[in-house]
Trainee: 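Sharing a structure below in structure tokens format, with a few things to ask.
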Amino acid sequence: MVRDDQLIQIDAGGWGLTWAVDGAGVLHQVGLGTTGHLATADVDPVWYPLAFPTFGGGDTYLPAALRVTHHDGTSTTRLVVTGTTRSPVDGGEHVVVALRDELFDLHVELHVRTHLRSAVLEQWVEVHHDEPGPVRLHDYDSVAPFLLVHDDAELVHFGGSGWADEWRWTTQRLDPGTLSLASFGGLQPHLQRSPVALLSPNGAAAEDAGDVLALSVAWGGNTRIDLDVRPTAEPGAPRQLRLRAGANPYAADYLLDPGRRFVAPTVAWTWSGSGRREVTRRFHDWTRDRVLRDPQRLRPIVANNWEATFFSFDQARITGLIERAAALDVDLFLLDDGWFGTNHPRDDDTTSLGDWDADPAKLPDGLAPLARAAVDAGIRFGIWVEPEMVNPVSDLFVEHPDWVLRDRREPREHRNQLVLDTLQPEVREFAAGVVDRALGHDPGITYVKWDANRPITDPGSAALGSDRQSNLWVDHVHATWDLMAEVARRHPDVELMLCASGGGRTDHGTLRWFHEFWTSDNTDPVARVRMQWACSHVFPAAAMASHVTRWGGRPMEFACAVALSGRFGLDLDLDSLSHEETSVCRRAVALARRTQDLVQQGELVRLVAPVEGQERSRAALAHLSSDRRRAVVFGYQIEAPTTPAPALRLHDLDPDVTYRVRWSDLHRDEPVDLGLRRGAAVADEGLAWTASEPLTAGIWELTAEPA
Ligand code: GLA
């Protein structure tokens, strides 16, 4: 029997986690999930799995969440609980369980912060010590729950081959063995693999049914999600799973000095007993409440020049594009790469990063006339920067060759550039100044796209001692976050887009200083439907910048319809659009204006999945207002249909309310009025699928009639 004073119960809001301290002071996990998690354990906790296994702290066969080498070379750690504190915080509670090694003056704190509105738990670990010398941390996971899983347990994870292949959906059975989902590269690691996983311990989950444990590692560096599944002797008996997640410690032993504190990344996680949609509702609420900047502010409709001009433009060309963008009624013009470089004009990606003055050949009067042209045309102006990088062909590199990350070898170029060492304070100040300087050209510049176009390949920093070089993978993330926080602090009203060759930094940790991210450089709407579908599981559409381009050569209506279910924008050569294409874009912008509050701030309902099963040929999703009086539904026919067209049954409207239904495929100026439907009828009979040809879309807008 566990005494009440031995129990540590964490109510996460509809699910929870219970730990208990045994007679020897060891912490065990006695409950997890939607049911029973708050029940008093009726068995001595000593029989339950460890809550936070350390190397040498229990069953040595178990993977350890914490593995350190103490100052004297001892490799085992055994922790006992020394106390628990609970304090109310905004929207929940902050629980800290303090543990200490039996032998050494090493302290570990397990931090758990609840957020009851969203039911997402934030969990992380802090380590500090007063041993006579440094302690080496080899493994430092942030969460390590133990689960019993069925033999048909399933895992969904996201990641493709790299650039332009983010958010590829992979479903796999969770068979016995160890599965390690790791990312590397330090900078833009999420290009390879998103730090997100959806685990269905009791067999495949659906949108509205099934258990799902979802987690996101809020870390802007290398991440790792490890699943260790033990086979069982009895067929059909549940299997034991130890799930560990946090920063990826590969090649990143951390040398921790006495008196210093190591803070592992936050892992945000939740357990839904009713499928993936509930996971999404929770992660969207949590992202808006706890991560995203200015969540209540509608994001602008953006026109970007990147795919229109690449590096080749001048003042007249950009002014012309600004005028056309304004005529289409967008909110903001974003000038991308290629505007800077004095001694080395940025005419391609081989030069100039670091030299952040306008190129006098392209822009003899600087950025101000462009910002003025935008403001005069009634729109805002934004600018692209890549403050953490330098091209060797630049004045900056000649002046400060020692500002780059490198070890004793010649650093390797990637996209012809090197990574600035943000661990050096003067480099951080320089990089913050890049943004100050870009914005300082004109007060009309109110938006910044912050890019980072290469990974770390030469992990060495002059700011770290020779015995601490492997700390770089962790310290670099904190240093870069300090820089981003400083920029956000200096420019509270400027919107920031996070980009790293596309979605290389799509994590809930880095996003805290930004308003949105560039989801992927891959803007082919066929790929984008699936990427945005996957990404939508943990990020709201307000965060997912989605621009119409020529990528894939798809029909303009289809490309617009796909971009409209994210944070909408256009990245097209507006000078060369045909008359009809211009009309399509104008209609799309008008539709974005009518629906963007729903898309960005409403509740997402995924209706037809393009990523698995028989429905791969089509996708459908809806965004509803919280009062259920408005909705927008997107239906995409991606490929030739393989199954009969479904009716789109949307169950979330008010059944007793009558809605006006308007339908559009962006071919006509005005949507087609489909008449009035009761909410109950939309749920029972559904909306008739209209897009029969591949690469066509239908968009339904539903508005409650006045009572
Ligand atoms: C990266 C970004 C693109 C664009 C280019 C500019 O690839 O993801 O959107 O800004 O850099 O060089």
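Both ligands and their constituent atoms are indexed starting at 1 by order of listing.
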Trainee: If you have a sec, work out which protein heavy atom is nearest atom 3 (C) of ligand 1 and how many Å separate them, to one decimal?
Mentor: Asp521 OD1, 3.4 Å
Trainee: Using 30° and 60° as the class boundaries, would you call the ring planes of Trp481 and Trp513 parallel, tilted or perpendicular?
Mentor: tilted
Trainee: Classify the contact between Asp451 and ligand 1 as side chain, backbone, both or neither, using a heavy-atom distance cut-off of under 4.0 Å.
Mentor: side chain
Trainee: May I ask you to decide if the ring planes of Trp356 and Phe340 are parallel, tilted or perpendicular, using 30° and 60° as cut-offs?
Mentor: tilted
Trainee: Given the side-chain rings of His508 and Phe283, with only the six-membered ring counted for Trp, is the space between their centroids under 6.0 Å?
Mentor: yes
Trainee: Counting from 1, what ligand 1 atoms have a heavy atom of Asn453 closer than 4.0 Å?
Mentor: 1 (C), 7 (O), 11 (O)
Trainee: Give the ring-plane orientation class for Tyr636 versus Phe558, where under 30° counts as parallel, over 60° as perpendicular and anything between as tilted.
Mentor: perpendicular
Trainee: Which bit of Met497 is near ligand 1, meaning a heavy atom under 4.0 Å away: side chain, backbone, both or neither?
Mentor: neither
Trainee: Assess whether atom OH of Tyr250 is packed by more than 12 heavy atoms of other residues, nucleotides or ligands within 6.0 Å.
Mentor: no
Trainee: If you measure from each non-hydrogen atom of Ser501 to ligand 1, which part falls under 4.0 Å: side chain, backbone, both or neither?
Mentor: backbone
Trainee: Answer with yes or no whether Arg415 contacts ligand 1, where contact means a heavy atom under 4.0 Å from a ligand atom.
Mentor: yes
Trainee: Which of the numbered atoms in ligand 1 are under 4.0 angstrom from any heavy atom belonging to Trp518?
Mentor: 8 (O), 9 (O)
Trainee: Please state which protein non-hydrogen atom is closest to atom 12 (O) of ligand 1 and give its distance, to 0.1 Å?
Mentor: Asp337 OD2, 2.6 Å
Trainee: Considering heavy atoms of the protein only, find what lies nearest to atom 9 (O) of ligand 1 and give residue, atom and distance to 0.1 Å.
Mentor: Lys449 NZ, 2.8 Å
Trainee: If we only count heavy atoms from C-beta on, is the Asn343 to Asp355 side-chain gap below 4.5 Å?
Mentor: no
Trainee: Would you check if the distance from the ring center of His478 to the ring center of Trp219 is below 6.0 Å?
Mentor: yes
Trainee: How far is atom 10 (O) of ligand 1 from the closest protein heavy atom, and which atom is that?
Mentor: Asp336 OD1, 2.7 Å
Trainee: Measure across Gly221 and Ser183 and return the closest heavy-atom pair with its distance rounded to 0.1 Å.
Mentor: O-OG, 4.2 Å
Trainee: Give the atom numbers and elements of ligand 1 that come within less than 4.0 Å of a heavy atom of Cys499.
Mentor: 2 (C), 8 (O)
Trainee: Which atoms of ligand 1 have any heavy atom of Trp384 under 4.0 Å away?
Mentor: 10 (O)
